[in-house]
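As the structure lists them, so they are numbered: ligands from 1, and atoms in each ligand from 1. Since we're looking at a predicted model, the values are computed, not measured.
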Amino acid sequence: MINKCLFPAAGYGTRFLPATKAVPKEMLPILTKPLLQYGVEEALSAGIHNMAIVTGRGKRSIEDHFDKSYELESQLIGTNKEHYLEEINNLVDQASFTYIRQKQMLGLGHAILSGQPLVNNEPFAVVLADDLCHNNGDNVLTQMIKVFNEYQCSIVAIQEVPMKDINRYGVIKGHLVNNSKDIYHVDSMIEKPAEEEAPSNLAIIGRYILTPEIFDILKELKPGSSGEIQITDALLVQALKGRVIAYKFKGKRFDCGSIDGYVSATNYFAKKAGIKI
Ligand code: UTP
């Protein structure tokens, strides 16, 4: 059972400055909904009700967003705008939210380690809300939980990317599991390789299921690529013991941490909503 979903949301979002000077990147909207809300909804529809969010200084609006706003309610109740409250209140009522602050932004691996007190000693999901995923059937996390239930080890979601972009990702070297077209045993992995040293075009995207041993590994790690503590380096330790599966998920994914990905996601969701642009 996966009961908790961790959302590392403490990064600076420098690629979106000046927008992210006072507004967390994870609160930037695609149409009317913040990126982080899409992630929480994905976790909920995968059957997870405990949301554990790693925040940092300047990110208090995240906590306010996933809470009641009595002032807004008293203004809107009884008016023709009351329905605006429903969506967010439903979400808040269905899930519990816990928070912890990452004190220094030392990378994704460090953010996940900072979340340890919120997830304890059990396998947990990780969603990077700036990777926005969408598809019509089972969502990405639901697909991954099915894979986890079969293999009971850490799972990373992967996608084929053009080799010219490979240096933006963690990249796996793996071999297909028998009779499968989308499940790989991971032999090795490397963070942000140069094109010529990349072992494949299979890039890790922002969805993970991690087993709790990852915390002991993270505690021992020295900063890797770009001086940060990388989750890829911790997963490599598990992979070398045969304990990581990569899953080529079904669906679309938008890198909303980059401006082009953010604009593509906006266009995609606008079209889906029938908005003419
Ligand atoms: P990114 O690598 O996109 O970094 O983080 P960033 O700081 O958010 O953005 P840029 O590169 O400066 O524009 C991927 C995810 O990991 C979280 C981010 O909030 C984002 O959800 N993260 C990253 C942390 O929580 N802490 C960190 O120290 C680094």
Side-chain angles (χ1 to χ4, degrees), residues 4-30 34-40 42-43 51-63 65-66 97-119 124-133 140-141 156-157 159 161 165-171 190-193 203-208 210 214-215 218-219 221-235 253-265:
K4 293 189 177 152
C5 187
L6 189 70
F7 296 87
Y12 290 122
T14 42
R15 283 169 289 171
F16 273 86
L17 282 169
T20 45
K21 182 161 180 255
V23 176
K25 174 173 74 172
E26 298 75 14
M27 290 301 289
L28 295 179
I30 299 293
L35 285 167
L36 192 51
Q37 187 175 334
Y38 285 93
V40 166
E42 182 182 323
M51 312 299 162
I53 305 181
V54 180
T55 68
R57 286 176 294 283
K59 302 260 184 176
R60 209 169 280 171
S61 59
I62 294 178
E63 293 177 44
H65 184 72
F66 295 109
F97 295 86
T98 52
Y99 300 90
I100 199 160
R101 281 193 179 200
Q102 185 185 12
K103 293 184 194 82
Q104 281 179 289
M105 305 343 164
L106 298 178
L108 177 57
H110 184 263
I112 291 173
L113 182 57
S114 303
Q116 183 179 18
L118 302 183
V119 296
F124 59 101
V126 176
V127 168
L128 306 188
D130 51 359
D131 262 348
L132 180 53
C133 293
V140 183
L141 220 45
V156 295
Q159 171 178 58
V161 300
D165 297 332
I166 203 79
N167 62 0
R168 290 158 48 176
Y169 296 92
V171 181
I190 175 169
E191 180 67 19
K192 299 192 173 73
I204 301 170
I205 64 122
R207 297 290 181 282
Y208 307 79
L210 300 175
I214 203 79
F215 293 124
L218 281 167
K219 278 176 200 154
L221 275 189
K222 303 268 173 309
S225 158
S226 57
E228 295 186 332
I229 295 181
Q230 301 290 353
I231 190 63
T232 310
D233 294 341
L235 281 162
R253 168 241 171 205
F254 299 93
D255 174 11
C256 294
S258 71
I259 293 165
D260 55 338
Y262 185 84
V263 173
S264 304

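- Residue, atom and distance of the protein heavy atom nearest to atom 22 (N) of ligand 1 are Gly11 N, 3.6 Å.
- Under the 30°/60° scheme for interplanar angles, the aromatic rings of Phe16 and Tyr262 are found to stand perpendicular.
- Here the protein heavy atom with the shortest distance to atom 7 (O) of ligand 1 is Tyr12 N, 3.0 Å.
- For atom 9 (O) of ligand 1, the nearest non-hydrogen atom of the protein is Lys25 NZ, 3.2 Å.
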| request: Starting from the C-alpha separation in whole Å, work towards a yes-or-no answer on side chain to side chain contact (heavy atoms under 4.5 Å, CB included) for Ile62 and Phe97. | output: CA-CA 10 Å; Ile62 294 178; Phe97 295 86; over 6 Å; no
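- By the criterion of a heavy-atom distance under 4.0 Å, neither the backbone nor the side chain of Glu228 is placed next to ligand 1.
- Considering backbone and side-chain atoms together, Val54 places no N or O closer than 3.5 Å to any N or O of ligand 1.
- Distances shorter than 4.0 angstrom do not occur between any heavy atom of Gly257 and any atom of ligand 1.
- Atoms of ligand 1 lying under 4.0 Å from any heavy atom of Gln102, numbered from 1 in the order shown and given with element: 24 (C), 25 (O), 26 (N), 27 (C), 28 (O).
- Taking every heavy atom of Arg15 and a limit of under 4.0 angstrom, the matching atoms of ligand 1 come to 3 (O), 9 (O), 10 (P), 11 (O), 13 (O).
- Here the CD-CZ distance, from Gln37 to Phe66, works out to 5.5 Å after rounding to the nearest 0.5 Å.
- For Asp130, every heavy-atom contact with ligand 1 shorter than 4.0 Å involves the side chain, none the backbone.
- Of the polar atoms of Leu108, none of the N or O atoms is found under 3.5 Å from an N or O of ligand 1, judged by distance alone.
- Between Ala10 and ligand 1, an N or O atom pair is found at a separation short of 3.5 Å.
- Nearest protein heavy-atom neighbour of atom 28 (O) of ligand 1: Gly107 N, 2.9 Å.
- Checking side-chain atoms of Thr20 against main-chain N and O of Val23 turns up no donor-acceptor pair under 3.5 Å.
- Using a 4.0 Å cut-off between heavy atoms, Glu26 contacts ligand 1 through its side chain alone, with no backbone atom that close.
- The only option from Val54, Leu6, Thr55 that meets the side chain to side chain contact (heavy atoms under 4.5 Å, CB included) definition with Ile100 turns out to be Val54.
- Side chain of Asp131 to backbone of Gly206: a donor-acceptor contact under 3.5 angstrom is found.
- Between the side chain of Lys4 and the backbone N or O of Ala125, no donor-acceptor pair lies under 3.5 Å.
- Every atom of ligand 1 with a heavy atom of Met105 under 4.0 Å away is listed here by number and element: 28 (O).
- At distances below 3.5 Å, not a single donor-acceptor pair connects side-chain atoms of Lys192 with backbone N or O atoms of Ile166.
- Any N or O atom pair closer than 3.5 Å counts here, and Thr14 shares at least one such pair with ligand 1.
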| request: Decide salt bridge (charged side-chain N to carboxylate O under 4.0 Å, His left out) for Asp255 and Arg168; before the verdict, give the C-alpha distance in whole Å, the side-chain angles of both, and the deciding distance to 0.1 Å. | output: CA-CA 11 Å; Asp255 174 11; Arg168 290 158 48 176; 3.3 Å; yes
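- At least one N or O atom of Pro8 sits closer than 3.5 Å to an N or O atom of ligand 1.
- Short contacts between ligand 1 and Ala111, defined as distances under 4.0 Å to a heavy atom of the residue, involve ligand atoms 24 (C), 25 (O), 26 (N).
- In this model, a donor atom of one side chain and an acceptor atom of the other lie less than 3.5 Å apart for His110 and Gln102.
- Residue contacts with ligand 1: Ala129 is excluded, as none of its non-hydrogen atoms falls under 4.0 Å.
- Side-chain atoms of Tyr38 come within 3.5 Å of backbone N or O of Ile30 as a donor-acceptor pair.
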